[in-house]
Amino acid sequence: MSEEHRETGTGWPRPGEPARPSGPAGEPDPRPDAPDPDAPDPDELSPLAPVEPVPESEPEPGAAAGAGAPSAARRFSSAGAMIAVLLALLGFTLVVQFKTTSTDPTLAATREEDLVRISSDLDSRERRLRQEIELLEESQRQLRSGEQGRQAALEEATRRADELGILAGTLPAVGPGLEVRFSGPAKAVSSTRILDAVQELRGAGAEAMQIQGTDGTAARIIASTYFVDGPDGALVVDGRRLTGPFTIMVIGDPATMRTALNIPGGVVASVRDGGGNVTSEDREVVEVSQLHAPIKLDHARPVS
């Protein structure tokens, strides 16, 4: 090192001297205390301006974490996408809610107290309508019950009227029974024998009867029917003259009625003892078609 450099101690040449090269082949001076060739000349600095030391630059965090920059960018892009999706959902929800509330501008502009009152009125109206429905259903049940009761009463009344009509002889009747034929002399088949036969048949459950003669004249037998002997072996029944032999058509249980006629000492035995004959034949269908005129009651009244 030259004498001049040792005297100054700065490594810079004296004024007027040529600058010493910084190193071989123009390389910077390797000494640690070598001055920066690009630094300004101290003599050129203003004596009044203090020289501030240049702080050493610190490495930036991005530069130090250069390897993790792509991962951070990917995380940022994923978070941004999620935020965008959430914002889109929020916007869709707000739009739907706005459209829903905007469909009824009256309700949208109604106060909360008015909405509560409207809801209470609707609940009260619903309760009233339900009560009206229950009342109408009860009325319908009563009407149906009354109609069924009236229908049942009508059917019962019709059945009773039919039964009374058959018993009174005002209605024709049909059913299983017997055909009983009486033949013989007038003494054997007198009105007394015919009346005994009618009583036996009634006791055996006969429900409808009529008697007819050979000429086809017939008379309905009811509770008030009477029998009288007529001239020449004739039989008068309720004022009608019948000629023998006589046939009784009776509706009832055939076996029971036949047994009643054939009991020992009964009708069949009495007729045969008088020289007459009684024959009975079961019939699946017996028609009692002769009618009796209605009886007019002058004194009897139903008990109320």
Side-chain angles (χ1 to χ4, degrees), residues 158-297:
T158 302
R159 185 184 65 83
R160 294 293 301 274
D162 292 341
E163 292 179 354
L164 294 175
I166 292 174
L167 294 176
T170 57
L171 292 178
V174 63
L178 289 176
E179 178 180 339
V180 183
R181 183 180 178 85
F182 296 87
S183 60
K187 181 180 179 180
V189 290
S190 63
S191 60
T192 304
R193 298 291 187 267
I194 299 298
L195 179 59
D196 290 341
V198 169
Q199 296 293 347
E200 291 290 347
L201 292 171
R202 283 176 177 169
E207 297 177 354
M209 289 181 286
Q210 72 179 26
I211 186 171
Q212 64 185 23
T214 304
D215 57 356
T217 304
R220 183 72 172 264
I221 300 174
I222 61 174
S224 62
T225 299
Y226 64 90
F227 301 89
V228 178
D229 293 330
D232 300 329
L235 182 66
V236 178
V237 180
D238 283 344
R240 294 186 179 186
R241 185 175 180 273
L242 282 65
T243 59
F246 310 105
T247 303
I248 297 178
M249 308 296 294
V250 55
I251 296 175
D253 182 27
T256 303
M257 294 186 298
R258 185 174 58 253
T259 301
L261 292 175
N262 289 281
I263 61 175
V267 174
V268 174
S270 300
V271 171
R272 287 177 179 175
D273 291 343
N277 189 28
V278 178
T279 59
S280 60
E281 184 179 354
D282 293 359
R283 293 289 184 89
E284 293 182 359
V285 178
V286 175
E287 294 184 2
V288 177
S289 58
Q290 188 64 34
L291 302 181
H292 192 283
I295 299 175
K296 182 181 179 181
L297 301 177

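None of these values were measured; they are calculated from a predicted model. Counting begins at 1 with the first residue of the sequence.
Looking only at side-chain heavy atoms (C-beta outward), R193 and V278 stay at 4.5 Å or farther from each other. In this structure, T225 and R220 have side chains that are not in contact, with every pair of non-hydrogen atoms separated by 4.5 Å or more. Counting only heavy atoms from C-beta outward, the side chains of I295 and I222 approach each other to under 4.5 Å. I211 has its side chain within reach of L235: a pair of non-hydrogen atoms, C-beta onward, lies under 4.5 Å apart. With a 4.5 Å cut-off on side-chain heavy atoms, R240 and L242 count as touching.
For the atom pair Q210 CD and L291 CG, the distance stands at 9.0 Å (nearest 0.5 Å). E163 CD to L171 CG: the interatomic distance, rounded to the nearest 0.5 Å, is 11.0 Å. Taking CD1 of I251 as the start and CG of L201 as the end, the distance is 12.5 Å to the nearest 0.5 Å. Between the CD1 atom of I248 and the CZ atom of R181 there is a distance of 12.0 Å, given to the nearest 0.5 Å. The distance from the NE2 atom of H292 to the CG atom of D238 is 4.5 Å, given to the nearest 0.5 Å.
Here the closest heavy-atom approach between residue G177 and residue P254 is recorded as O-CG, 3.7 Å. Nearest approach of P172 to S289, heavy atoms of both residues: CB-CA, 4.2 Å. Shortest non-hydrogen contact noted between A186 and G233 is CB-CA, 3.7 Å. When every heavy atom of P245 is checked against every heavy atom of F182, the shortest pair comes out as CB-O, 3.0 Å. Residues T256 and A204 share a closest heavy-atom pair of CG2-O, 3.4 Å. The two residues A206 and V250 make their nearest non-hydrogen contact at CB-CG2, 3.4 Å.
Side chains of N277 and S183: no donor on one and acceptor on the other come within 3.5 Å.
Counted within 6.0 Å of CZ on R159, heavy atoms from surrounding residues, nucleotides or ligands total more than 12; the atom is thus considered enclosed. For E287, the CD atom is loosely surrounded, since the number of other residues' heavy atoms within 6.0 Å does not exceed 12.
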side-chain contact (heavy atoms from CB on, under 4.5 Å) between R202 and M209: does it pass, once the steps are laid out? CA-CA 9 Å; R202 283 176 177 169; M209 289 181 286; 3.7 Å; yes
Can you list the steps and then say if V180 with M257 is a side-chain contact (heavy atoms from CB on, under 4.5 Å)? CA-CA 10 Å; V180 183; M257 294 186 298; over 6 Å; no
Given V286 and L178, is the side-chain contact (heavy atoms from CB on, under 4.5 Å) satisfied, shown in steps? CA-CA 7 Å; V286 175; L178 289 176; over 6 Å; no
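Applying side chain to side chain contact (heavy atoms under 4.5 Å, CB included) to T243 and the options D215, D232, T217 leaves one that passes, D215. F227 pairs in a side chain to side chain contact (heavy atoms under 4.5 Å, CB included) with only one of the listed residues (V236, T192, I221), which is I221.
Under the 4.0 Å criterion applied to side-chain N and carboxylate O atoms, D282 and R258 are assigned as salt-bridge partners.
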